[in-house]
Each structure stands twice: as structure tokens, then as C-alpha cells.
There are 2 protein chains.
Amino acid sequence: MQDGKTAERIVDCADDLFYRQGFEATSFADIAGAVGISRGNFYYHFKAKDDLLEAVIARRMANTSVMLRDWEITGEDPAERIRSFIQILIRNRDKIEQYGCPVGSLSTELAKLNHTAQEEAARIFTLFRVWLRRQFEKLGRASDADALAMHLLVRSQGVATLSAAYRDPAFVEREVVSMCAWLADEVAGGAAVPSPTKPH
Amino acid sequence: MQDGKTAERIVDCADDLFYRQGFEATSFADIAGAVGISRGNFYYHFKAKDDLLEAVIARRMANTSVMLRDWEITGEDPAERIRSFIQILIRNRDKIEQYGCPVGSLSTELAKLNHTAQEEAARIFTLFRVWLRRQFEKLGRASDADALAMHLLVRSQGVATLSAAYRDPAFVEREVVSMCAWLADEVAGGAAVPSPTKPH
DNA sequence: AAAGTTATAGGACAATTGTCCCAGAAATGT
DNA sequence: ACATTTCTGGGACAATTGTCCTATAACTTT
């Protein structure tokens with residue numbers, strides 16, 4: 001059972017192709033070609049395309065968890081950790097400009113397809129959401145931590161979408177600066193905002 | 001040449017299906033079935049799928065223009081007009097929850113497919129962008145009108161994506177309230193803020 | 001070296017894809 | 001009533017889709 005090598009390579013390539021081309025638009029032939037194996041061999045490792053999709057989502061979940069844990073360790077304080085999140089937009093700028101956000105675009109595509117894995121894909125958002133929430137709690141914003149976390153998710157998703165639409169590198173830069181400024185204001189502000197953004 | 005009837009019905013159905021299923025995931029058979037014509041007949045009206053896509057985009061552009069002109073007429077003042085924009089999220093809440101934003105999701109899909117019509121699709125964003133910019137200019141925010149317009153586009157795109165991911169009706173409501181509150185702040189603020197976008 | 005397990009390539013499969021062609025029907029103009 | 005244009009349905013086309021099957025190659029374990 002050490003097909004780990006091949007199975008892993010398949011998931012690797014599928015992950016990349018699903019991001020760059022979309023799930024539906026990526027065929028087994030595409031993946032097989034990228035991995036360098038025959039199309040038939042495929043079904044030894046994954047008996048259906050949906051199984052492969054689930055493996056890809058699981059892989060993204062794992063990768064995301066590792067990344068968040070990394071930020072937790074590297075970041076000196078919560079505000080700096082949150083900035084790590086904001087700056088994915090810069091780090092992955094080129095790819096986002098070409099293909100949008102991997103989490104958002106997959107989630108939206110699966111929603112359209114009425115695919116059962118849609119909820120699974122949305123859990124990657126939740127990983128970020130919970131992590132961000134905890135950072136805001138540590139900043140003394142326990143009462144509206146979730147709203148603040150969602151605000152950042154909303155803005156990064158919007159930036160990703162519009163970045164892919166306009167392909168304007170300067171735009172992402174400006175938005176990141178603006179988000180960091182917002183963060184500084186919020187942190188400085190201290191008390192919870194009266195504004196309605198205050199769920200659970 | 002009064003195939004206008006059929007051709008229009010085709011574009012109508014294609015528009016709807018491209019939104020609900022995605023461009024790539026929608027086949028001619030799907031559209032033909034929805035319209036109630038034969039698959040073969042199709043090529044009399046549109047000689048290729050890409051032609052149909054362009055017609056759909058043109059239709060969306062036209063519809064958007066009409067809508068914006070309508071808001072221009074109906075809205076008493078710029079702030080109220082901008083609120084009309086924000087509240088599309090409420091008006092189309094159910095559809096957005098199921099399929100995301102039609103503009104954003106199409107643009108992202110076409111970006112992934114490296115489709116030539118991607119730029120065309122992005123022009124729908126520009127329609128909103130220019131319109132919003134003009135409203136902010138009328139509010140005396142000429143210096144950062146574009147940044148404010150983009151801020152609203154970013155947030156509504158993000159809300160649409162996360163709404164489709166979580167399918168939480170209350171979330172959209174909260175975000176709309178928050179965006180309106182931001183607008184009131186900006187309007188009340190008067191002078192241009194140092195950091196272009198400063199929600200809160 | 002033999003036996004057994006695991007992995008791979010290649011091809012077959014029905015179904016569906018976008019595209020094209022053509023015989024007529026329907027409408028239009030004379 | 002006739003001729004011409006405009007439209008439509010049905011089917012054929014090659015290519016591609018996801019899926020499945022089988023013979024064999026590549027390993028392990030004896």
C-alpha cells in the first residue's frame with residue numbers, strides 16, 4: 001500500500017489544475033497528462049472524480065491548517081498574525097490575478113454544480129474564520145470577533161475576485177494597505193464597535 | 001430577419017443557465033431543452049458557443065445599464081442611489097446564496113479558462129464602478145471617488161462569495177447594514193480620508 | 001526461485017460534447 | 001399562386017467525457 005507516491009502526485013496535480021482550470025473543466029486526461037500516468041491507471045487510486053475532489057479538499061484543509069499554525073508561531077502578536085493573513089493577497093498576487101482565490105472559486109463552482117462537496121469546501125473558509133476570530137479575541141474584541149473575522153474574509157474574497165477581473169497589480173497593493181490601516185484603527189479603537197456587525 | 005423571438009429566448013435561457021450552472025458546465029443540450037428547440041437549429045442563430053457567450057454578456061451589459069439609469073432616476077440623492085446598489089445583495093439574496101454573483105463568478109470562470117471574453121465580462125464591473133464613482137463625486141469625494149467605488153465592489157463581491165459558501169441569510173443582512181453604516185460615515189465625514197478606504 | 005500482492009498501461013464502453021449539414025416547414029414578397 | 005428567403009428539426013460527425021476491465025509489469029514476501 002505504498003501507492004502514496006503516485007496517489008500523492010495525483011492529488012498534487014489535481015489540486016493545481018482544479019485551481020487553474022476549475023473542477024469541471026479539468027478532465028482525467030489533463031491530470032493524467034500532468035502526472036505522467038495513463039488514464040486507466042487512475043481508477044486504481046481514485047474510483048471516481050468526486051473521490052479525487054474530496055482528497056484535494058482534504059489536502060487543502062491540511063495545508064491551510066499548517067499555514068495557520070505557522071502564522072501562530074511566527075507572529076509576535078495577534079495584529080501581526082492577522083497581517084500575515086491579509087498579505088496572502090500579496091504573496092499569491094500573481095496566481096490570484098490569474099485564477100482568483102482557490103477557496104472562493106472552488107466553493108462557488110461547487111455551489112453552482114450543486115455538488116455535495118460544497119460544504120466540505122466551505123470548511124476551508126471556516127478554518128480561516130475561526131483562526132481570525134481567535135486573533136481578534138486576543139485583541140480584546142471578544143464581543144465582535146466573528147464579525148471582524150468575516151469582514152476580513154469578505155474583503156479578501158472581494159479583492160481576489162476583482163483582481164482576477166481587472167488584473168491590476170497596483171489594486172491589490174492598495175487594498176492590502178487599506179486593510180492593514182483598518183486593522184490598526186480597530187486595534188487602536190479598543191472597544192467593540194456599535195455598528196451592527198456583531199453576530200453570535 | 002425577425003428571428004429576434006427565438007434568438008432572444010436562447011440568450012435569455014443561456015443567461016440564466018450560465019449563471020446557475022456556469023458557462024462550461026452548460027451544454028447546448030441544456031439550453032436547447034430549456035428553450036424548447038432542437039440542438040441542430042441552434043447554429044442558425046449562433047454559429048459557436050463563444051458567440052452565444054458574447055451575446056449573453058452584451059445582454060447583461062444592457063440590463064445593467066438600464067438598471068443603473070433607473071437608480072439614477074429613482075434615487076433622490078447620491079447616497080440613496082448608492083444604497084440601491086448595496087441592496088442588490090438583499091433583492092437577489094436567494095439567487096446569490098445559491099449561485100454567487102453573476103458578474104464575479106462568470107469573470108472568474110472565464111479567467112480560469114483563459115477565455116477571450118473575460119475582459120468583456122469584466123466590463124460589467126466597470127459599469128458599476130463608473131456609476132458608483134460618479135455618485136461619490138457628487139458627494140464631494142472627487143479625490144477618492146474611485147477608491148470608494150472599488151471598496152463597495154470589493155465588499156459586495158466578498159459578501160456574494162461567502163454567502164454562497166455558508167448559505168446564511170442573516171449574514172447578508174448584517175453585511176448590508178454594515179455597508180450602509182459605512183456609507184453614512186463616509187458621507188458625514190465629508191473630506192477625503194487619509195487612507196482611501198476606511199470602513200468601520 | 002516461487003508465490004502472492006500491488007501498481008500500471010492500454011483499450012473498450014456508452015454517453016455527451018460542440019459542430020455541421022440538409023431536407024423541409026413557415027413566412028415573406030411578388 | 002408562385003418563388004425566395006427565413007427558420008427549424010433530425011440526424012451525422014469526430015472528439016472527449018467519466019468509468020470500467022484485463023493482461024502484465026513491478027514489487028514483496030516467502
Side-chain angles (χ1 to χ4, degrees), chain A residues 1-58 106 109-110 112-118 120-121, chain B residues 1-58 106 109-110 112-118 120-121:
Chain A
M1 210 270 263
Q2 93 282 34
D3 65 321
K5 274 284 165 48
T6 305
E8 245 176 72
R9 274 194 308 152
I10 291 175
V11 177
D12 268 33
C13 287
D15 187 353
D16 185 51
L17 286 172
F18 286 176
Y19 176 35
R20 281 169 28 215
Q21 310 187 340
F23 170 67
E24 184 90 351
T26 301
S27 72
F28 277 141
D30 291 335
I31 305 170
V35 179
I37 61 169
S38 69
R39 224 167 73 259
N41 178 16
F42 229 102
Y43 283 76
Y44 177 77
H45 301 283
F46 300 95
K47 70 177 195 295
K49 201 184 181 185
D50 291 351
D51 290 9
L52 180 53
L53 174 61
E54 275 177 34
V56 166
I57 294 175
L106 180 64
E109 185 183 358
L110 295 181
K112 279 180 200 283
L113 297 174
N114 241 317
H115 200 290
T116 53
Q118 193 278 328
E120 194 72 21
Chain B
M1 211 270 263
Q2 96 280 37
D3 66 320
K5 273 284 165 46
T6 306
E8 244 177 72
R9 273 193 309 149
I10 290 175
V11 177
D12 268 32
C13 287
D15 186 353
D16 185 52
L17 286 171
F18 286 176
Y19 176 35
R20 281 170 29 216
Q21 309 186 341
F23 170 68
E24 183 90 350
T26 300
S27 71
F28 277 139
D30 290 336
I31 305 169
V35 179
I37 62 169
S38 68
R39 228 168 68 262
N41 179 15
F42 230 101
Y43 283 76
Y44 177 78
H45 301 283
F46 301 94
K47 69 178 195 296
K49 201 184 181 186
D50 291 352
D51 290 8
L52 181 52
L53 173 61
E54 274 176 35
V56 167
I57 294 176
L106 180 64
E109 185 183 358
L110 296 182
K112 279 180 200 282
L113 297 174
N114 241 316
H115 200 290
T116 53
Q118 193 278 328
E120 195 71 20

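The analysis underlying the following values was restricted to heavy atoms, covering all of them including side chains, and did not include hydrogens, waters or symmetry mates. Note on naming: letters A, B, ... go to the chains in the order of the sequence lines (proteins, then strands), and numbering restarts at 1 for each one.
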- Query: What are the two closest non-hydrogen atoms of B/A121 and B/L110, and how far apart are they?
  - Reply: CB-CD1, 3.9 Å
- Message: Side chain of B/Y44, heavy atoms from C-beta onward: which of D/dT17, D/dT8, C/dT19 has the nearest atom to it?
- Response: D/dT8
- Apply salt bridge (Lys or Arg N to Asp or Glu O under 4.0 Å) to A/D12 and list each qualifying residue two or more places apart in sequence or on a separate chain. A/R59
- Message: Classify the ring geometry of B/F42 against B/F28: parallel below 30°, tilted from 30° to 60°, perpendicular beyond 60°.
- Response: tilted
- Item | With sequence neighbours excluded, residues passing side-chain hydrogen bond (donor to acceptor under 3.5 Å, both in side chains) with B/N114 | none
- Message: Just N and O in the side chain of A/T6: are any of them under 4.0 Å from OP1 or OP2 of C/dT8?
- Response: yes
- Message: Once pairs are restricted to Watson-Crick or G-U wobble with both distances under 3.5 Å, how does DNA chain C read as a dot-bracket string, [ ] for crossings and | for other-strand pairs?
- Response: ||||||||||||.||||||||||||||.||
- Message: Quick check on C/dA7: is either OP1 or OP2 less than 4.0 Å from any side-chain nitrogen or oxygen of A/N41?
- Response: no
- Query: Quick one, which residues of residues 16-31 of chain A touch DNA chain C with a heavy atom under 4.0 Å?
  - Reply: none
- Query: Nearest-Å distance, CZ (A/R39) to P (C/dT8)?
  - Reply: 17 Å
- Which side-chain hydrogen bond (donor to acceptor under 3.5 Å, both in side chains) pairs, counting each pair once, include a residue from residues 25-35 of chain B, with sequence neighbours left out? B/Q21-B/T26, B/S27-B/D30
- Item | Reported CD-to-CZ distance for the pair A/E109 and A/F18, which is rounded to 0.5 angstrom | 9.0 Å
- Message: Output the rounded distance in Å from CG (A/D51) to P (D/dC20).
- Response: 10 Å
- Measure across B/R9 and B/V35 and return the closest heavy-atom pair with its distance rounded to 0.1 Å. NH1-O, 3.3 Å
- Message: In this structure, how many angstroms lie between the P atom of D/dC27 and the NZ atom of A/K5, rounded?
- Response: 12 Å
- Item | Euclidean distance, atom NZ of residue B/K49 to atom C1' of C/dT16 [Å, nearest integer] | 12 Å
- Query: Looking only at heavy atoms, which two atoms of B/E24 and B/K49 are closest? And how far apart?
  - Reply: O-NZ, 3.7 Å
- For A/G40 and B/G36, take the nucleotide of DNA chain D holding the closest heavy atom to each; which residue's nucleotide lies nearer the 5' end? B/G36
- Message: Whether B/Y43 contacts C/dC20 is assessed here as follows: a side-chain N or O lying under 4.0 Å from the phosphate OP1 or OP2. Is that the case?
- Response: no
- Query: Within this structure, what is the CD1-to-C1' distance between A/I37 and C/dA7, rounded to whole angstrom?
  - Reply: 10 Å
- Given D/dT8, C/dT8, C/dT19, which nucleotide is nearest the side-chain atoms of A/H45? C/dT8
- Note on the structure: Between B/F42 and A/S38, the residue closer to the 5' end of DNA chain C by nearest nucleotide is A/S38
- Message: In this structure, how many angstroms lie between the P atom of C/dT8 and the CD1 atom of A/I10, rounded?
- Response: 8 Å
- Message: I'd like to check the salt bridge (Lys or Arg N to Asp or Glu O under 4.0 Å) partners of A/E120; sequence neighbours left out, ordered by chain and number.
- Response: A/R123
